[in-house]
Amino acid sequence: MVIQLDNQCLLCAEHDVESYAIGPRDAKIVVVTNRKSSGRFQDALDLQLKELGLDITQVLFTPVIKCRSFDVSLSNKRLREHAARYLLPELDRYPREFILCLGNEALLAVVGKSGITKYRGKTFEYKGADVISSVSPSAVNRNPGQKPGYIADLRLFINKVNGTATGIPDPKYIVADSKENLRKVFKILDMTEEIYIDIETNSKEYYQDDAAMVSLAATCVVVDSFGKHRAVFAVPLFHPQSPWRSQWREILRLLGLHCNHIKRVVAHNASFDCKWLIWCGMKLYPTFDTMLAIHNMDENIQRGLKPQAMARLGVESWGIDTGSLLRTPIAEVLHYNVLDTWYMYWVKQQLVEELKKDLRIARIFKFLTMPAQRDLINSELRGAWIDVKRLKERKPIAEANLARIEANIFKAAKLDEVPTDVWPHNVKHLVRGDKIIPWEVNFNASNFARWMLFDWLELPINDEQRGKVKEDGGPGNPSMKEEVLLHLQAETHHPVIDHMLERVTAQKHLSSFFNPYEELYDENHRLHTTFKLAGTVTGRLSSGKSDPDKISGSRGKMRGVNLQQVPRDPFIRGLFGAPPGWTFVEADYSQIELRIAAYLADETTMKHIYANNGDIHLSTAARVTGLPESQITKEIRKVVGKPINFGFLYGMGWRKFIETAFNNYGSVFTEAEAQAARIVYFQLYPKLLPWHAKQRRLVNEYGRVVSPLGRIRHLPDIYSPDRGVRMEAERQAINSPVQGFGSDMAVIAMIEINRRLRELGWDQYAHCLGLVHDAINFEIRDDYVSRVIPIIKDCMEDLDHLYRRFGVVIDIPIIADVSVGQHWGDKLELTAEQVYDFDLKYKYEKLKAA
DNA sequence: CACAGTAGCGCG
DNA sequence: AAAGCGCGCTACTGTG
């Protein structure tokens with residue numbers, strides 16, 4: 001039934017309004033959407049609600065926007081006016097009991113608050129009715145990762161309507177707020193075989209001086225004379241109302257004494273909690289991370305404990321503002337802390353069942369993800385040693401360099417000749433007579449720098465290289481990226497461009513490397529990163545700061561260090577190294593992705609080259625340039641061979657190839673040359689295109705692709721109506737199994753190396769520092785280098801292990817190159833003979849001489 | 001002043 | 001018609 005409103009939209013004054021409501025007008029249950037839904041959309045929503053148990057014949061569906069215009073766009077204020085005029089009277093006409101708002105506009109109209117991501121899943125009140133909101137179904141369609149949270153909100157709403165409970169009982173728990181209760185907790189721990197643990201902290205990283213743990217909670221599976229049962233407890237620590245505020249570290253140490261026998265440790269994003277706990281003396285290493293299990297099963301989905309628990313268990317949103325834990329009453333903090341572990345327990349039981357249904361994912365989770373997490377925790381806790389002496393010497397050099405470059409820019413741009421009436425008024429300056437004395441001039445890609453280049457110096461703007469179009473429709477800012485500057489340099493030869501190009505690097509070195517390094521190294525001269533095992537969609541690790549949500553008290557201002565983007569420039573990379581008496585060892589896979597692609601495509605020519613210890617960049621360069629291999633210099637190999645192999649392999653077109661070849665390697669290809677290069681490339685390796693076609697077919701058929709190990713990449717974009725988006729998904733389907741498997745090989749090697757070192761009792765003499773995708777870095781005590789590097793090389797090249805543990809047969813040799821030195825990037829690469837017969841004399845004599 | 005979005009660049 | 005893939009951090013801009 002459609003309700004007619006026979007008046008014109010008062011706000012747009014152009015179109016008629018119509019209610020667009022569907023369902024009984026007097027329904028006690030109302031679903032408010034942003035806009036009128038199409039029939040298809042409405043059907044999907046109906047079905048979803050029905051499946052979750054809602055009787056939709058008793059529901060009124062109605063949109064906020066009643067205007068007939070399709071592209072109506074209202075400010076928040078106008079939207080509320082619109083709602084007050086049309087929607088709210090419609091709601092008020094009959095008594096309502098439950099209102100579901102889908103989308104921010106619906107939330108704003110009914111509740112008067114904007115911020116759907118913040119307020120979703122929370123219960124509000126509107127004239128006696130319970131109001132629950134969630135993101136709009138169309139947002140979920142565009143971004144499937146939103147789905148768990150969305151379903152969670154719908155479940156919550158429907159549970160309320162039907163008066164059904166979640167099925168998850170409330171936990172009863174002990175609060176260790178006295179010595180007596182603390183003793184009870186010790187007893188629980190003594191009988192615990194599996195612990196589900198969670199901590200709350202202040203807004204610091206664990207290794208910082210003023211870091212503090214606010215509370216700790218756990219759900220334990222204990223075994224006693226009555227059999228197996230659950231026990232839950234919470235321990236107040238640094239909180240102002242805690243009896244242990246000044247002794248929180250001592251309390252943790254005591255708890256730690258009762259944990260040594262615990263076999264299974266479960267946490268959500270365990271890396272965070274366990275690093276804190278281990279740092280504080282509770283040696284709990286995770287055996288099951290609920291977040292990582294979820295990520296292994298679906299890399300696109302929201303993996304926060306809250307949306308997962310809400311979607312899976314149907315529980316209501318719980319939580320407090322973690323930014324102000326110390327100002328929240330202790331009882332609330334502990335209750336919140338307990339619920340985290342309690343719901344984690346129930347979620348984990350479900351995850352175990354789901355893992356049983358996909359044994360390849362289960363195998364990745366058990367034998368790759370979790371062991372890697374335990375090893376990485378150790379790497380992160382130890383940190384990477386930084387040569388503070390070098391840092392102190394080099395930072396002033398970098399600063400002086402930047403200052404020199406900026407003085408050159410000032411001169412080359414003739415900034416002291418700018419007339420007062422032309423000088424941009426928002427740039428701080430002094431006027432002395434008819435002279436301008438500027439200060440705080442910003443040469444970064446700022447409005448001032450754009451003014452300087454394109455207004456004052458009148459350099460030509462490339463209209464194809466502009467930023468986002470302005471809101472008022474004006475043209476976007478001209479780009480100032482390197483590529484644009486390089487072209488400007490070639491066209492104008494203006495000296496200021498050279499200095500601007502030089503400045504970008506100098507500035508980056510200071511702001512992204514020297515400054516954070518100096519700020520973040522600890523008392524042992526170590527930098528701590530966080531490696532995320534759920535940071536990418538392919539299975540690679542990412543590196544950076546700790547989970548920003550957990551550090552939210554600092555409002556995202558927390559800095560971190562990414563050990564995977566340290567510049568190769570020895571001036572920076574050489575800041576890292578091994579402390580005196582130790583050696584820095586880098587072991588990296590040689591062309592791992594090309595080898596894997598050759599394996600996956602069963603590419604005969606590539607396989608032949610690798611089987612004969614050939615050089616694929618060289619072969620490619622020779623074929624494409626038409627030169628004999630003997631005439632391919634190192635330079636041609638780098639400038640021609642590399643960009644072709646890495647680009648075309650993953651579906652790059654010839655236009656993009658011209659760009660990247662110019663930007664990355666400075667080599668100029670004409671359109672004809674680029675097109676020819678692409679054709680020659682695929683003639684040279686004829687099995688590559690059929691392999692591309694196979695990946696495209698697979699992703700179109702299944703919406704996902706699988707790596708040799710069984711790692712899944714879901715690519716819902718393949719169903720997009722946009723052809724460009726679909727083709728992007730196809731290229732991702734080509735790249736993902738290669739990139740993911742390469743990364744998995746490195747992770748497996750790291751695990752195996754660490755395992756062997758532990759078995760030999762050498763783990764105190766050789767430490768893994770972390771992974772850089774296809775490279776593993778170590779610090780090894782000098783007297784153990786010769787004994788450890790063969791282990792590293794063996795494990796990385798070990799295809800037997802890959803077969804035995806994961807059932808993958810690789811018929812291409814995999815090579816790991818090992819280099820040693822005092823600092824990272826010292827480039828003392830060892831031959832295979834030297835690795836297996838390594839004598840320390842090589843290190844400083846022979847190799848340096850060579 | 002905080003926040004979100006974007007540009008730019010570091011790495012593989 | 002054409003479109004390499006995967007990340008994290010800093011700085012700047014516009015908005016409120």
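Order of the sequence lines fixes the chain letters, A, B, ..., with proteins taken first and strands second; residue numbering starts at 1 for each chain.
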What's A/Lys481 touching, base or sugar-phosphate or nothing? Going by heavy atoms closer than 4.0 Å. sugar-phosphate
A/Thr530 and A/Lys275: CA distance, side-chain angles, deciding distance, side-chain hydrogen bond (donor to acceptor under 3.5 Å, both in side chains) verdict: CA-CA 10 Å; A/Thr530 296; A/Lys275 270 193 289 180; 3.2 Å; yes
Does this structure show an ion pair linking A/Arg540 with A/Glu299, if we count only N-O contacts that are shorter than 4.0 Å? no
Any side-chain N or O of A/Arg726 below 4.0 angstrom from OP1/OP2 of C/dA3? no
Name the closest nucleotide to the A/Glu728 side chain, picking from B/dG8, C/dA2, C/dC5. C/dC5
Counting only side-chain N and O atoms of A/Arg466, is one of them less than 4.0 Å from OP1 or OP2 of B/dT6? no
Over 60° means perpendicular and under 30° means parallel, so tell me whether A/Phe648 and A/Tyr681 are parallel, tilted or perpendicular. tilted
Looking at C/dG6, I'd like to know if its phosphate oxygens (OP1 or OP2) sit under 4.0 Å from a side-chain N or O belonging to A/Gln732. yes
Considering only C/dG6, C/dC12, C/dA2, which nucleotide approaches the side chain of A/Asn735 most closely? C/dG6
Counterpart base for C/dA3, defined by Watson-Crick or G-U wobble contacts under 3.5 Å: none
Between C/dT13, B/dG12, C/dT10, which nucleotide gets closest to the side-chain atoms of A/Arg559? C/dT10
Out of C/dA11, C/dG8, C/dA2, minimum distance to the side chain of A/Gln507 belongs to C/dA11
Has the side chain of A/Gln565 got a donor or acceptor that lies under 3.5 Å from a partner of the other kind on the base of C/dG8? yes
Within the 4.0 Å heavy-atom criterion, would you say A/Glu593 contacts the bases, only the backbone, or no part of the nucleic acid? nothing
Is the shortest side-chain N/O distance from A/Arg731 to OP1 or OP2 of C/dG6 below 4.0 Å? no
Note: for A/Asn442 and A/Arg713 on DNA chain C, the residue whose nearest nucleotide lies more 5' is A/Arg713
Has the side chain of A/Gln507 got a donor or acceptor atom that lies under 3.5 Å from a matching backbone atom of A/Asn444? no
Can a donor-acceptor pair under 3.5 Å be found between the side-chain atoms of A/Arg540 and the base atoms of B/dG12? yes
More than 12 non-hydrogen atoms from neighbouring residues, nucleotides or ligands closer than 6.0 Å to CD on A/Glu464, yes or no? no
Can you see if the side chain of A/Asn444 gets near the phosphate of C/dC12 - specifically, an N or O under 4.0 Å from OP1 or OP2? yes
Output the single nucleotide from B/dG10, C/dC7, C/dA3 whose closest atom is nearest the side chain of A/Arg655. C/dA3
NZ/NE/NH1/NH2 to OD/OE distance under 4.0 Å, A/Arg726 and A/Asp717: no
Name the nucleic acid region contacted by A/Arg678, choosing base, sugar-phosphate or nothing; use a 4.0 angstrom heavy-atom cut-off, strictly under. nothing
Residue A/Glu482, side-chain atoms from C-beta onward, closest of B/dC9, C/dA11, B/dG12: B/dC9
Under 4.0 Å, heavy atoms only, any strand: does A/Val561 hit a base, just the sugar-phosphate, or nothing? nothing
Does B/dG8 have OP1 or OP2 sitting under 4.0 Å from an N or O in the side chain of A/Ser479? yes
What contact category does A/Gly740 fall into here, base, sugar-phosphate, or nothing, at under 4.0 angstrom with non-hydrogen atoms? nothing
So A/Ser543, base contact, sugar-phosphate only, or nothing? Heavy-atom distance under 4.0 Å. sugar-phosphate
Have a look at A/Val537 and say if it touches a base, only the backbone sugar-phosphate, or nothing, with a 4.0 Å heavy-atom cut-off. sugar-phosphate
Which part of the nucleic acid does A/Gly544 contact within heavy-atom distance under 4.0 Å: base, sugar-phosphate only, or nothing? sugar-phosphate
Within the 4.0 Å heavy-atom criterion, would you say A/Arg723 contacts the bases, only the backbone, or no part of the nucleic acid? base
